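Just so it is clear, the model here is predicted, and its values are computed rather than measured. The sequence lines fix the lettering, A, B, ..., with proteins before strands; numbering per chain opens at 1.
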Number of protein chains: 2
Amino acid sequence: MKTSKATSFDIAYQAGVSQSTVSRALSGSPLVSLDTRRRVQAIAKELNYKVDKNASNLRRQHSVTLALLLFEDPTSDDSLINPFFLSMLGSITRACARRGYDLLVSFQQFSDDWHADYQDSHKADGLILLGYGDYLVARSKLQKLVEHDTHFVRWGAVVEGQPGISVGCDNVQGARAITEHLLSLGRRRIAFVGNASAHCPEFFDRYIGHCEALRAAGIAVDPLLQVDAVDSTEQVGDRALRTLHARGVAFDAVFAASDLLAIGAMHALGDLGLSVPGDVSVAGFDDIPMASFASPALTTVQQDTKRAGEILVERLLQQIRGEAARSEMLPAQVIVRRSCGANRAG
Amino acid sequence: MKTSKATSFDIAYQAGVSQSTVSRALSGSPLVSLDTRRRVQAIAKELNYKVDKNASNLRRQHSVTLALLLFEDPTSDDSLINPFFLSMLGSITRACARRGYDLLVSFQQFSDDWHADYQDSHKADGLILLGYGDYLVARSKLQKLVEHDTHFVRWGAVVEGQPGISVGCDNVQGARAITEHLLSLGRRRIAFVGNASAHCPEFFDRYIGHCEALRAAGIAVDPLLQVDAVDSTEQVGDRALRTLHARGVAFDAVFAASDLLAIGAMHALGDLGLSVPGDVSVAGFDDIPMASFASPALTTVQQDTKRAGEILVERLLQQIRGEAARSEMLPAQVIVRRSCGANRAG
DNA sequence: CTGAAAGCGCTTACAG
DNA sequence: CTGAAAGCGCTTACAG
C-alpha cells in the first residue's frame, strides 16, 4: 500500500486533469473551476499529498522561511541562553507562524563567518539577528550583509547611521523612567551595573537615560557608582556588586542594566548583609519571567517582547517584498514590584 | 556588479570545467583531481557561491533539516514557554548544528493536525516532539505518525508499548531519590503536587517513585497529600498549595512534580505564613535556571538536558539512516540546595 | 478554464 | 578523473 510518496502527477492522474491544473487548484489560483478544485483537493487529502517544499521553493526562488541567528556571548555556559532572548524567540516563532513562514533557528558565535550564508543558499529569505555581543565587532559584519543585499533585521540598540535596520526598545527612555522611580522613592546614590561604552550600545543607552534622570534632578553623576558588566548573567552581577562594595562608596540603590545582573546583585547584597529594599533598592531591565519570582520580586523595565517579535518579522518581510523598511524603537514600561521599596502590586 | 546569484554553471565557466565537476568538487567527491578541486573552490569562494539548498534537497530527496515541534498547554499564557523546554531547545539546536543539520522550530497546539506535515512536504527529514500535554490524546497522533512512516522521536515518559520511540529521564528513579532525601531529613508527611493519572505519564511516574520511597520507609501513602496540577506553572503550583492547605491535613514537606510548581508552592507557603525550609521542606523537579535563584534556592531533581538533546537527535538520525533505534531513559540526579533544610552546597 | 512545455539549480548514474 | 544528460517535483508563461 504505502508506496513512496504522492506527487502532483499522481493526483492529476486520479482526478483526470493535467498536473498544471493540480498545481493551480492547490495553490489557490483563480484560474480553476470550483468543481475541479474541489475534486483535486479531495484526492490530495485522501492521498495525504503535500506540496514538496524543495521543488516549490526552487521554482519560485524563495523559501518562505526566515532564519533566526542567535548570538551568544562566547564566555557564557554552553547550556545557558539568556531568558530574555528565549522569550523573544517564542514571540518571533509565533509571529512567523501567523504569516505562514517557517523559522530556522541557529546559534552562532560572533566569530563565525555567518554573513549571508542562509540567504545565498536559499535556506531562508531573510535573517533575524538576536543577541548581545560587541557592537563594534558586529558592525562590520552588518556592513557586509548590506553589501551582499541580504535581507535582515536586528534586535538591539537603534543607533544612528548603522548598517541595515534595527528594532529595539527605547533604552534611554526606559532607563530614565526607572531612575526617576528610584529618585521618587528618595534614593540619591544610585549605582549603575552595566558597561557604559559604545561596544554595548544597549547598556550604554541605559546608562545615558539613567544619567539624564539624575541630572534633571540636580544630582551629579558619580563615575565611581558605575560598574562594568559585559556579560548579562547572575554571576557577573554578583561580582559587579562586590566590586562596587569594595570601592567603599556609599550607595542606596542599584540599577542593573539587565534582570539577570540585578538578580545577581541582590544575591551579593544578601551575602554582604544588606537588605533589599531596606538598605538598598534594586531595579533591573527586561522583565524576564524570573523577575517576578525573585525575592524580593524585582522592579524592572519591561520590554514588550511580543510586540517586538511581531515588528521584527514585519520589518523583515517588508524588505523581502522590496518595500522600504525603517528602524523602530519600542516604548519600555516600568514594572513596580518589591525590590525598590514601593508597594504597588506588580 | 551585483548580478543576481552565482550558480554552479557560472563557476564552471570561469574554471573551465563542466558543471558536474563543479558539483563534485564542492561536495567533496573523491572523483576530482586535487588541482581542479582547489581551482573550483577558489572561484566559488570569490563569487560567494553557495549551493542552492532547494535544488540540492530536491535532487537528493532529503532536506538535512530536522523539525522541532513544541507543544504547549493551550491554557498557558501566549508569551510563556516552559523554561525546561527552552533549555532542551538550546541543547537540541546545538546537537543539530554539530551534525550539520538545520533546525526548524515550530509551536503547535495539541489540537492541530500536525502529523507528518513536515516530512511529507520535505521540509524536514524527521520530527522532534517536545512538550507536555495529554498523553492519551497525543497517543493516537503518534500512532498516525508511525503509520505514515514518519521519522520522529519524542521527549517524555518512556511508557511500555507506546507508538514510536521516546527519550526521557528516569522519572521514577529521580522521584524516589528526592523523596528519600526528604525522608533522610526527617520529613514524614510529604505532599505531592502534580497530576497522578495516565494522562500525564511523566508526573505519574514521579508520583510512583515518590510512593515507592514512602513504602520502602514503611510510610503509608495518604491520598489527601496528593494535589492535582495539570499545567506546569507557578500560578498552578501556588493554587495547588492553597488547595492542600485548605484540606487541613498536616504536612512537613512538599515534593512538586516540576520546579515551576515548586516555586509557586513556596510563594503560597510564604503567603500562608509558613517558612521554607523551617516549617516545610520543598523540592522540585527539572533544575531549571530559576531554581538556583529562588529563595530559598530550590532542591530539585536535575534532568540532563544537554545529554537529552544529543540523544534525541542521535536517535532520530538513526531512524533517518534506516537503523534500528530504541527508546532510552536517562538517569536523573538530586541537586541539594537550601529549600529542604540541608546545607550541602548545590 | 485547461494543457503541454520550459526551467528552477542541483546530483548522479552512464559513458568515456 | 571528466563531461553530457537525465531528472528531482514543482510553478508559470504561453497557447488555446
So what does S33(A) touch, heavy atoms closer than 4.0 Å: a base, only the sugar-phosphate, or nothing?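 Sugar-phosphate contact only.
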For S23(B), answer base if it contacts any base atom (sugar-phosphate contacts may also be present), sugar-phosphate if it contacts only those atoms, and nothing otherwise; contact means non-hydrogen atoms under 4.0 Å. base
Candidates dA13(D), dG9(D), dA5(C) - which lies nearest the side chain of R24(A):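 Closest of the options to the side chain of R24(A): dA13(D).
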Quick one: which of dG3(C), dT2(D), dT11(D) gets closest to the side chain of T21(B)? dT2(D)
Between [N] atom [atom2] and [X] atom [atom1], what is the distance in whole Å?
X: Q61(A); N: dA13(D); atom1: CD; atom2: P; answer: 13 Å
X: L58(B); N: dT11(D); atom1: CG; atom2: C1'; answer: 13 Å
X: N54(A); N: dC10(D); atom1: CG; atom2: P; answer: 10 Å
X: L26(B); N: dC10(C); atom1: CG; atom2: P; answer: 9 Å
X: K50(B); N: dC10(C); atom1: NZ; atom2: C1'; answer: 16 Å

Does E310(A) pair with R315(A) as a salt bridge, N-O distance under 4.0 Å?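 Between R315(A) and E310(A) there is no salt bridge, as every charged N stays at least 4.0 Å from the carboxylate O atoms.
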Any salt bridge linking R321(A) with E314(A)? Criterion: basic side-chain nitrogen under 4.0 Å from a carboxylate oxygen. yes
Position toward the 5' end of DNA chain D (nearest nucleotide), R60(B) or R37(B): R37(B)
Do other residues, nucleotides or ligands put more than 12 heavy atoms under 6.0 Å from the CZ atom of R38(B)? no
